[in-house]
A.B. asks: 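Sharing a structure here in structure tokens format.
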Amino acid sequence: MANAIISARAVEKFYVHPDGHRIEVISPTDLEIFPGRILALLGPSGSGKSTLLRMLTGLSTPSSGQVLWHDQPIVGTAPNAAIVFQSFALFPWLNVLENVEAPLEAKGMAAIERRKRALKMLDTVGLDGFETAYPKELSGGMKQRVGFARALVVEPEVLFMDEPFSALDVLTAENLRGELMELWLNKKMPATAIFIVTHNIEEAVLLADRVIVLGKNPGYIRADFEIALTQPRDRKSAAFVDFVDRIYQIMTRPDTEHTLAAIQTTISPHESHKQKYQMLPHARPGGIAGLLEILHDGDGREELHSLATRLSMDVDDLLPIVEASVMLCFATLTEGEAQITPAGSAYAEADILHRKVLFREAALKNVAILQCIESVLKAKSDHSIPDEFFHDILDEHFSHVEVERQFDTAMIWGRYAEIFDHDPENNRLVLTDPIADAKSLPSSDRA
């Protein structure tokens, strides 16, 4: 195999608080990008996918470790790389041709040469005739074509893509993936390697020669394997479906190491956690209820791959809802298959008020941070406490951004279950009375 274009050696990203406490975003990681290869980076939200991409491109400096370009340390940004962003990132005051010319102008290229190269690249990506249009006049797919043209016009050795299709509708995204692969397979693009960040498992299996799956908190490589399928790939083939199913199993089983050859694991809601406080999945009670209703109305179980396809959802959107249901013991997850529990069926069948009772009992039984909040509020004479107190607790376990997300999710769950309320004027949490009808429910109904 040829030498790596980019080599990351024990790269790590962390932030240090004024008190010396360190929040780790990416744990020490080794990674290499080779010529002639497409590498896909998968992982749940908060796993550090984009952070790792920025370190590989030189846009962000590792806290420790080193990124090498052809065995030489990167100084500043990578010398011959380009990025396609999720948000298009076009200059609205420039037309299509001027947007594509912009990076060449920044490099100091003569006007005639950059115009010639930009026109050629626009023709390559199918935008011939739209040179004078402005971004506001283009569809999402056309805007992203401009993004591809602008990235490729600099003739990068490595093309980085940060979830480039996620802002597009399903059909447009599918068309663009096909066009990208046609350019790649027919060697019509100057890049010799592609690094794509995605949360879409099928997209990764469709495009990549190699897939890396990240775990989170902090980000680390959980799986790294080859997709040994010839291009173009058939989504309906048994081998393709097998790869997708196996990756679903990896991504839905965060506490266990995996190999591609054999994945025999089961999530249990009572498994031990490395942290005192679990990371709450960012799911709302309504989404949890919807999932449980779907499972209850069906056979009580369904593979996540099939469920995500049926709901037209990406795994990044579905997983938090499933994880929340598992955490509350309303469902189990075994080898990529979600199955409703008796408690989940009771929740799905309950009316609105009874659901609150069941949610409250499940949350106080299984969610450590909510247990802590209720215990502290009960112990206080005035049954209230500044919300900053719990920010400080979470701050010992999560990054600053994740602390806010965790606190917001805890607020949504706790207020829905009427465990506590929030006084925004005084920034305090206040204990609420148990749901009035809970006392009238038979004990068997509250189990």
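The chain is numbered in sequence order, starting from 1.
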A.B. asks: With sequence neighbours excluded, tell me which residues meet side-chain hydrogen bond (donor to acceptor under 3.5 Å, both in side chains) with Ser27.
C.D. replies: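 Per chain and number, Ser27 pairs via side-chain hydrogen bond (donor to acceptor under 3.5 Å, both in side chains) with no residue.
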A.B. asks: Please work out which of the three classes, parallel, tilted or perpendicular, describes the rings of Phe359 and Phe330, given edges at 30° and 60°.
C.D. replies: tilted
A.B. asks: May I have the step-by-step check of side-chain contact (heavy atoms from CB on, under 4.5 Å) for Leu52 and Val11, ending in yes or no?
C.D. replies: CA-CA 9 Å; Leu52 187 55; Val11 293; 4.2 Å; yes
A.B. asks: Only counting residues at least two apart or in another chain, list the ones meeting side-chain hydrogen bond (donor to acceptor under 3.5 Å, both in side chains) with Ser50.
C.D. replies: Asp162
A.B. asks: Among all residues two or more places apart in sequence or in another chain, which pass the salt bridge (charged side-chain N to carboxylate O under 4.0 Å, His left out) test with Asp224?
C.D. replies: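 Listed in chain order: Arg210.
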A.B. asks: Can you pull out every side-chain hydrogen bond (donor to acceptor under 3.5 Å, both in side chains) where at least one residue sits in residues 93-103? Sequence neighbours excluded, please.
C.D. replies: Glu101-Arg114, Glu101-Arg115
A.B. asks: List the residues meeting salt bridge (charged side-chain N to carboxylate O under 4.0 Å, His left out) with Arg301, not counting sequence neighbours, and say none if there are none.
C.D. replies: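 Checked Arg301 against salt bridge (charged side-chain N to carboxylate O under 4.0 Å, His left out); matches are Glu337.
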A.B. asks: Asp387: which residues meet the side-chain hydrogen bond (donor to acceptor under 3.5 Å, both in side chains) condition with it, sequence neighbours left out?
C.D. replies: His422
A.B. asks: Can you give each donor-acceptor pair under 3.5 Å made by side-chain atoms of residues 116-126, sequence neighbours left out, with the distance rounded to 0.1 Å?
C.D. replies:
unit_1, atom_1, unit_2, atom_2, d
Arg117, NH1, Val153, O, 3.1
Thr124, OG1, Lys120, O, 2.9

A.B. asks: By the definition side chain to side chain contact (heavy atoms under 4.5 Å, CB included), identify the one residue from Leu68, Ile33, Thr57, Leu31 that meets it with Ile6.
C.D. replies: Ile33
A.B. asks: Using modelled atom types and a 3.5 Å cut-off, is there a donor and acceptor pairing between side-chain atoms of Glu163 and backbone atoms of Phe85?
C.D. replies: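 Looks like no, no N/O pair under 3.5 Å.
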A.B. asks: Please list all pairs meeting side-chain hydrogen bond (donor to acceptor under 3.5 Å, both in side chains) that have one or both residues in residues 131-146, counting only residues at least two apart or in different chains.
C.D. replies: Arg145-Glu179
A.B. asks: In chain order, what residues pass the salt bridge (charged side-chain N to carboxylate O under 4.0 Å, His left out) check against Asp242, with sequence neighbours excluded?
C.D. replies: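 Residues passing salt bridge (charged side-chain N to carboxylate O under 4.0 Å, His left out) with Asp242: Arg246.
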A.B. asks: Looking at residues at least two apart in the chain, or sitting in another chain, which of them share a side-chain hydrogen bond (donor to acceptor under 3.5 Å, both in side chains) with Ser47?
C.D. replies: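 Ser47 satisfies side-chain hydrogen bond (donor to acceptor under 3.5 Å, both in side chains) with no residue once adjacent residues are dropped.
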A.B. asks: Suppose we screen for ring pair (Phe, Tyr, Trp, His ring centres under 6.0 Å). Which residues come up paired with Phe240, at least two apart in sequence or across chains?
C.D. replies: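 With neighbours one apart ignored, the set is empty.
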A.B. asks: Mind checking salt bridge (charged side-chain N to carboxylate O under 4.0 Å, His left out) for Glu12 and listing every partner two or more places apart, or none if nothing turns up?
C.D. replies: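 Partners of Glu12 by the salt bridge (charged side-chain N to carboxylate O under 4.0 Å, His left out) criterion, ordered by chain and then number, come out as Arg22.
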A.B. asks: Enter the distance from Glu113:CD to Lys107:NZ here, rounded to the nearest 0.5 Å.
C.D. replies: 13.5 Å
A.B. asks: Can the positive tip of Arg177 be found less than 6.0 Å from the middle of the six-membered ring of Phe165, inside 45° of the ring normal?
C.D. replies: yes
